[in-house]
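By convention in this document, chain letters (A, B, ...) are assigned in the order of the sequence lines, proteins followed by strands, and residues within each chain are numbered from 1. Everything numeric in this text was worked out from a predicted model, so none of it was measured.
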Amino acid sequence: MSFSEKIIRWYHDNKRDLPWRSTQEPYKIWLSEIILQQTRVAQGTPYYQRFITAFPTVFHLAQADEEEVLKLWQGLGYYSRARNLHAAAKTVVREHDGTFPQNHKGLLALKGVGDYTASAIASICYNEPQAVVDGNVYRVLSRYFEVEHPVNSTVGIRYFRQLAQEVMDAERPRDYNQGIMEFGAMHCTPKNPNCLFCPLKEGCVALKEGKVGQLPVKTKKTKVRTRHFNYMVPVFKDRNDVPYTCLVQRKGKGIWQGLWQFPLLETDAEADLAQVQHELTANTPLKNTEETVLFNERPVVHKLSHQHLHTKFWIVGQKVWGEHAVPVSELEKYPVPVLIADFIKTFKF
DNA sequence: AATACGGGGGT
DNA sequence: ACCCCAGTATT
């Protein structure tokens with residue numbers, strides 16, 4: 001039995017019953033694939049369900065406000081995916097009359113759709129023979145064929161793409177592609193792979209050579225940057241004792257584009273009250289400050305994959321209101337980073 | 001050819 | 001603390 005036959009057979013016997021497995025509608029497959037980029041099935045599944053409920057078709061998604069899309073995406077991370085998702089939906093509606101491109105090349109032209117996602121959609125929806133190469137495929141192929149090229153090098157990427165295309169069952173790309181990914185996710189796992197009961201143990205070179213634990217090879221040390229954030233949380237109560245605060249939208253480059261947050265002072269090192277008060281009078285519209293008190297003595301360390309954000313929240317009492325007022329009761333309408341959402345959950349306005 | 005881009009879960 | 005996750009876009 002060939003490599004691909006074993007994969008397809010294992011998939012038939014072991015595949016999970018996932019929400020997007022019961023359809024071949026391009027819209028739903030595309031949505032699931034964007035959500036699952038760099039995201040585990042367990043984390044992405046509830047988001048997929050909520051998106052399908054809120055936007056049953058690409059027309060619903062295209063007609064939504066970007067804010068609404070970002071709000072539904074809140075907590076998933078890599079927010080450019082949400083903005084590109086929305087842009088691609090508009091493209092499909094405006095330029096393709098609501099019908100998704102029906103081949104790899106056409107799909108690749110959509111924002112947020114790269115080689116992997118185009119291959120996944122083309123094979124799952126149209127059975128087009130384009131091999132997917134994701135983290136699971138790198139792992140399975142590198143072990144079975146003992147490939148030592150780093151999977152994140154230019155040579156490695158090209159090599160694995162070609163190898164994947166060669167070992168794919170060109171007659172059954174739909175089942176083969178999903179099968180090898182599912183096999184990598186469930187059986188040929190990064191840690192403690194189940195080699196003892198592996199259907200591919202006979203031909204696996206890494207197993208034979210005792211190198212399963214050293215493959216795939218990756219060459220990257222993500223150097224983490226430490227940053228110091230000071231959020232100034234305005235608190236104002238009107239005549240009826242209704243609480244207000246203030247949010248501003250993140251724009252330009254960097255993390256959390258399009259999300260909302262409190263006015264921010266970033267410093268080179270941990271800041272003190274004097275620095276924050278200077279910032280308040282110099283560079284913010286917040287005036288008539290009543291008092292400013294530190295909410296958390298120890299900075300909250302919010303960890304992104306590439307940044308550690310040491311964060312202090314300063315509660316800034318306001319007597320009179322300026323602009324950008326947001327009733328506390330409407331905070332939940334705004335898409336915010338998890339760091340901000342966690343603060344809002346714990347702070348009593 | 002590198003780097004930026006989130007957040008959660010496993011070890 | 002480190003690694004990985006159904007990767008893509010931008011430098």
Side-chain angles (χ1 to χ4, degrees), chain A residues 11 15-16 18-21 29-48 70 73-85 87-88 107-124 130-140 150-158 160-161 164 176-186 188-193 213-214 216-225 227 250 252-259 301-309 335-342:
Chain A
Y11 182 57
K15 68 175 172 184
R16 289 169 290 181
L18 302 173
W20 47 89
R21 290 241 164 103
I29 299 302
W30 164 71
L31 175 62
S32 72
E33 292 298 343
I34 301 298
I35 287 175
L36 292 173
Q37 287 169 4
Q38 292 292 286
T39 303
R40 291 173 189 280
V41 167
Q43 187 187 5
T45 299
Y47 285 84
Y48 173 83
L70 279 172
W73 199 271
Q74 181 180 313
L76 248 196
Y78 287 165
Y79 296 93
S80 64
R81 288 184 293 170
R83 299 192 306 273
N84 288 334
L85 182 85
L107 291 161
L108 207 47
L110 297 174
K111 278 193 177 181
V113 176
D115 181 50
Y116 161 77
T117 304
S119 296
I121 300 171
S123 61
I124 294 172
Q130 293 282 352
V132 293
V133 183
D134 73 336
N136 295 303
V137 175
Y138 281 131
R139 190 165 53 254
V140 174
V151 299
N152 48 3
S153 66
T154 303
V155 169
I157 291 169
R158 188 171 63 238
F160 279 101
R161 180 64 168 91
Y176 169 78
N177 273 345
Q178 293 180 88
I180 190 171
M181 289 191 286
E182 185 83 336
F183 180 73
M186 305 298 292
C188 192
T189 47
K191 303 291 180 187
N192 306 318
Q214 299 156 48
V217 174
K218 231 171 245 189
T219 64
K220 231 170 229 170
K221 316 295 177 232
T222 55
K223 50 176 184 289
V224 177
R225 180 161 66 120
R227 304 174 70 179
R250 288 188 70 97
K253 311 185 74 60
I255 58 175
W256 302 333
Q257 281 176 44
L259 302 197
V301 182
H302 187 72
K303 294 180 177 181
L304 310 181
S305 53
H306 48 298
Q307 298 182 21
H308 286 0
L309 308 176
V336 298
V338 167
L339 174 62
I340 301 298
D342 286 346

For this session: For Gly114(A), answer base if it contacts any base atom (sugar-phosphate contacts may also be present), sugar-phosphate if it contacts only those atoms, and nothing otherwise; contact means non-hydrogen atoms under 4.0 Å.
Result: sugar-phosphate
For this session: Could you check how far CG of Asn192(A) sits from P of dT11(B), rounded to whole Å?
Result: 7 Å
Problem set entry | CA sep, side-chain torsions, deciding dist, call: Arg83(A), Gln257(A), side-chain hydrogen bond (donor to acceptor under 3.5 Å, both in side chains) | CA-CA 9 Å; Arg83(A) 299 192 306 273; Gln257(A) 281 176 44; 3.2 Å; yes
Exercise. Which part of the nucleic acid does Trp73(A) contact within heavy-atom distance under 4.0 Å: base, sugar-phosphate only, or nothing?
Worked result: nothing
Exercise. Expressed as a whole number of Å, how far does the C1' atom of dT3(B) sit from that of dA6(C)?
Worked result: 22 Å
For this session: Under 4.0 Å between any heavy atoms, over every strand shown, what does Gly44(A) touch: base, sugar-phosphate, or nothing? Just pick one.
Result: nothing
Problem set entry | Heavy-atom donor-acceptor pair, Tyr138(A) side chain to Ile157(A) backbone, under 3.5 Å | no
For this session: Would you kindly give the CZ-to-P distance between Arg225(A) and dG6(B), to the nearest whole Å?
Result: 12 Å
For this session: Specify the residue among Val41(A) and Val113(A) whose closest nucleotide of DNA chain C lies further upstream toward the 5′ end.
Result: Val41(A)
For this session: Select base, sugar-phosphate, or nothing to describe what Arg139(A) touches, counting heavy atoms under 4.0 Å on all strands.
Result: sugar-phosphate
For this session: Apply the side chain to side chain contact (heavy atoms under 4.5 Å, CB included) test between Glu33(A) and each candidate in Val113(A), Val132(A), Thr117(A), Asp134(A); give the one that qualifies.
Result: Thr117(A)
Exercise. Ignoring hydrogens and geometry, is there a side-chain-to-backbone donor-acceptor pair from Thr189(A) to Met186(A) under 3.5 Å?
Worked result: no
Exercise. How many Å lie between CG on Leu304(A) and C1' on dT3(B), as a whole number?
Worked result: 15 Å
Problem set entry | Polar side chain donor-acceptor pair, Gln37(A) to Tyr116(A), under 3.5 angstrom | no
For this session: Under 3.5 Å for both distances, Watson-Crick or G-U wobble, that's the pair rule; now give the dot-bracket for DNA chain B, with | marking pairs to another strand and [ ] for crossing ones.
Result: |||||.|||||
Exercise. Can you check the Asn84(A) CG to dA4(B) P distance for me, whole Å?
Worked result: 19 Å
Exercise. Which whole number of Å gives the distance between the C1' atom of dA9(C) and that of dG8(B)?
Worked result: 23 Å
For this session: Write down the distance between CH2 (Trp256(A)) and P (dG6(B)), rounded to a whole number of angstrom.
Result: 8 Å
Exercise. Any sub-3.5 Å donor-acceptor pair from Arg81(A)'s side-chain atoms to Ile35(A)'s backbone N or O?
Worked result: yes
For this session: Give Thr39(A) one of three labels, base, sugar-phosphate or nothing, depending on what nucleic acid heavy atoms sit under 4.0 Å from its own.
Result: base
Exercise. First and last nucleotide of DNA chain C in contact with chain A, 5' to 3', at under 4.0 Å to a heavy atom: what are they?
Worked result: dC4(C) to dT11(C)
Exercise. With sugar-phosphate meaning primed atoms plus P, OP1 and OP2, does Asn152(A) contact a base, only sugar-phosphate, or nothing at under 4.0 Å between heavy atoms?
Worked result: nothing
Exercise. So what does Ser153(A) hit on the nucleic acid, given a heavy-atom distance under 4.0 Å: a base, only sugar-phosphate, or nothing?
Worked result: nothing
Exercise. Given atom CD of Gln43(A) and atom C1' of dG10(B), what is their separation to the nearest angstrom?
Worked result: 13 Å
Seminar exercise, completed: Taking for His302(A) and for Lys191(A) the nucleotide of DNA chain B with the nearest heavy atom, the one nearer the 5' end belongs to His302(A)
Exercise. Does Thr45(A) use its side chain to pair, donor to acceptor, with the backbone of Ala42(A) at less than 3.5 Å?
Worked result: no
For this session: For the pair Gln130(A) (side chain) and Ala118(A) (backbone), establish whether a donor and an acceptor sit closer than 3.5 Å, ignoring hydrogens and angles.
Result: no
For this session: Check whether any side-chain heavy atom of Ser119(A) lies under 4.5 Å from a side-chain heavy atom of Arg161(A), and answer yes or no.
Result: yes
Exercise. Taking for each residue the nucleotide of DNA chain B bearing the nearest heavy atom, is the 5' side occupied by Lys253(A) or by Arg40(A)?
Worked result: Lys253(A)
Exercise. Which part of the nucleic acid, if any, lies within contact of Leu76(A), taking any heavy atom under 4.0 Å across all strands shown: a base, the sugar-phosphate backbone alone, or nothing?
Worked result: base
For this session: Quick one: label Gln307(A) by what it contacts on the DNA or RNA (base, sugar-phosphate, nothing), any heavy atom closer than 4.0 Å.
Result: sugar-phosphate
For this session: Could you state the atom-to-atom distance from NE2 of His308(A) to C1' of dC5(B) in whole Å?
Result: 16 Å
Exercise. How long is the line joining OH of Tyr78(A) and P of dG7(B), in whole Å?
Worked result: 10 Å
Problem set entry | Phosphate-side-chain proximity, His306(A) and dA4(B), N/O vs OP1/OP2 below 4.0 Å | no
